[in-house]
There are 2 protein chains.
Amino acid sequence: MNQKNEIVNKLRTSGLRPTKQRVLIAKSLFDSDKTFHFTVETLNKKINKNGVTKVSLATIYNTVEAFTSAGYLKEILTSKNKSYYDTNIKSHHHFYDEGSKELTDIRYSQIRLSKIPTPPKGKKIKNLEVVIRIQK
Amino acid sequence: MNQKNEIVNKLRTSGLRPTKQRVLIAKSLFDSDKTFHFTVETLNKKINKNGVTKVSLATIYNTVEAFTSAGYLKEILTSKNKSYYDTNIKSHHHFYDEGSKELTDIRYSQIRLSKIPTPPKGKKIKNLEVVIRIQK
DNA sequence: TTCTAGTTTATAATAATTCTAAACTAGAAA
DNA sequence: TTTCTAGTTTAGAATTATTATAAACTAGAA
Ligand SMILES: [Mn+2]
Ligand SMILES: [Mn+2]
Ligand SMILES: [Zn+2]
Ligand SMILES: [Zn+2]
C-alpha cells in the first residue's frame, strides 16, 4: 500500500481526486521502473483485458489528458491520426520505425546540438525534439 | 503554357496521368518560388474558393497522397488529428508555434548536430527532423 | 451522516480520413 | 478519327480517433 499512497499523493498534488479509476491507471503507467510509449488504444487494452471493463474508454481519454496536463505524461508527435504518449517525461529524443510504427527512446545526451537557431521575436523555445526515422 | 508542360512532364515521370485536376493542384502547390505548409483543409479552400468546386475533396486527398508518394510533397508530423504537408522537400527543420499552430522552416544549415546515435541493428536512418516548439 | 463539486460513464456528436462503386477520361491502339 | 480501357474522379457512405453531453455516482469536506 506504499506505492498506492505515493500515487494518491501525486494525484492530490495536482488537484486530481484519487479515484479508483485514476489510481488504477496511474499504477499501470507509473509503477514500473521502466518508461514506455503507448496510445489510448493500447492503454485501454491493458486496463480492460479479457473483456472485463474496469474503466470506461471515456475515462481513459479523460485521465490521459489530465495526466498530460499535470505533466505526468508527454504527448509525442509521430504518426498521423493517432496520439502517442510517453511515460518518460524527461527531455529526450526518439527513433521512429516506419515499418513497425514503434518508438524507441534516445537519451538526451546521445544527441548533441552544436548550433540552434534563435526563435522568432517574442517567442521562446518550449522544447526541442529530434525524431530520427528509421527503416530496414 | 511552359510551366504547364513542366508540370505535365513531372507528373508523367512518376506515372501519374496529368489530369486537369492534378495539373490544377500542382500549379497551386509548385508554381511559386516560395515553398509553404498546408493541410488538406487549407488546400481545399485554396482550390475551391467562393463556393465553386473545381476539384472534389476526395481527389484532393488522393492527389496529396499521390504527390507525397512521388516525393513532391513531404508530410510533417506536428499536430495531432491533422496532417500537415510541406512543399519544401529539401531536408530541413521546423519551428512549431503552439499558439497559432503555425510551422516555420529552419534551414538545414541552421542546426548542427555534432553527435547522433547509431540506429538499431538492421535499420538505417531515413531522415532526421528537429522540431522546436515555441510559445509566447 | 450529509452534501456537493468533481468524476465517471454510456452514448451521441464531430472531425479527419479512407473506402466504394459508378461515371468519366487520357491517351494508346486500331 | 474512333474505339477501348485502365486509370481517375466523384458523391456519398464508412471508419477511426477523439470530444461533447448529460445523467448517475462518489470522494471527502463539513
Ligand atoms: Mn483521423
Ligand atoms: Mn481524429
Ligand atoms: Zn520516449
Ligand atoms: Zn517546412
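Since this is a predicted model, take the numbers as computed values, not measurements. In what follows, every chain begins at residue 1, and chains take the letters A, B, ... in the order their sequences are listed. Heavy atoms only: backbone and side chains are in, while hydrogens, waters and symmetry mates are out.
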May I ask which nucleotide in the shown strands pairs with [N], Watson-Crick or G-U wobble, both distances under 3.5 Å?
N: D:dT19; result: C:dA12
N: D:dT26; result: C:dA5
N: D:dT1; result: C:dA30

Side chain to side chain, [X] and [Y], heavy atoms closer than 4.5 Å:
X: A:L73; Y: A:F38; answer: yes
X: A:Y85; Y: A:F67; answer: no
X: B:L113; Y: B:L128; answer: yes
X: B:I106; Y: A:I116; answer: no

Nearest-Å distance for atom pair [atom1]/[atom2], residues [X] and [N]:
X: B:Y84; N: C:dT17; atom1: OH; atom2: P; answer: 10 Å
X: A:E75; N: D:dT19; atom1: CD; atom2: P; answer: 9 Å
X: B:N44; N: C:dA15; atom1: CG; atom2: P; answer: 15 Å
X: A:L16; N: C:dA5; atom1: CG; atom2: C1'; answer: 14 Å
X: B:E41; N: C:dT14; atom1: CD; atom2: C1'; answer: 13 Å
X: B:E65; N: D:dT8; atom1: CD; atom2: P; answer: 13 Å
X: B:N81; N: C:dT18; atom1: CG; atom2: P; answer: 13 Å
X: B:L57; N: C:dA15; atom1: CG; atom2: P; answer: 14 Å

For a quick test of reading the model: is some side-chain N or O of [X] closer than 4.0 Å to OP1 or OP2 of [N]?
X: B:Y61; N: C:dT18; value: no
X: B:S83; N: C:dA16; value: no
X: A:T59; N: C:dT9; value: yes

Ranking C:dT11, C:dT17, D:dT10 by distance to the side chain of A:A58, first place goes to C:dT11

Among D:dA11, C:dT7, D:dA17, the one nearest any side-chain atom of A:R22 is C:dT7

For A:Y96 and A:V131, the nearest pair of non-hydrogen atoms, with its separation, is CB-CG1, 3.9 Å

Expected string for nucleotides 21-30 of chain C under the B/S/- scheme (protein heavy atoms, under 4.0 Å, primed atoms plus P, OP1, OP2 as sugar-phosphate) is ----BBS---

* Mark yes or no for whether A:T19, through its side chain, and A:R22, through its backbone, hold a donor-acceptor pair below 3.5 Å. => yes

When B:N62 and A:N62 are each assigned the nearest nucleotide of DNA chain C, the 5'-most assignment goes to A:N62

Across all chains, not counting sequence neighbours, the salt bridge (Lys or Arg N to Asp or Glu O under 4.0 Å) partners of B:K54 are none

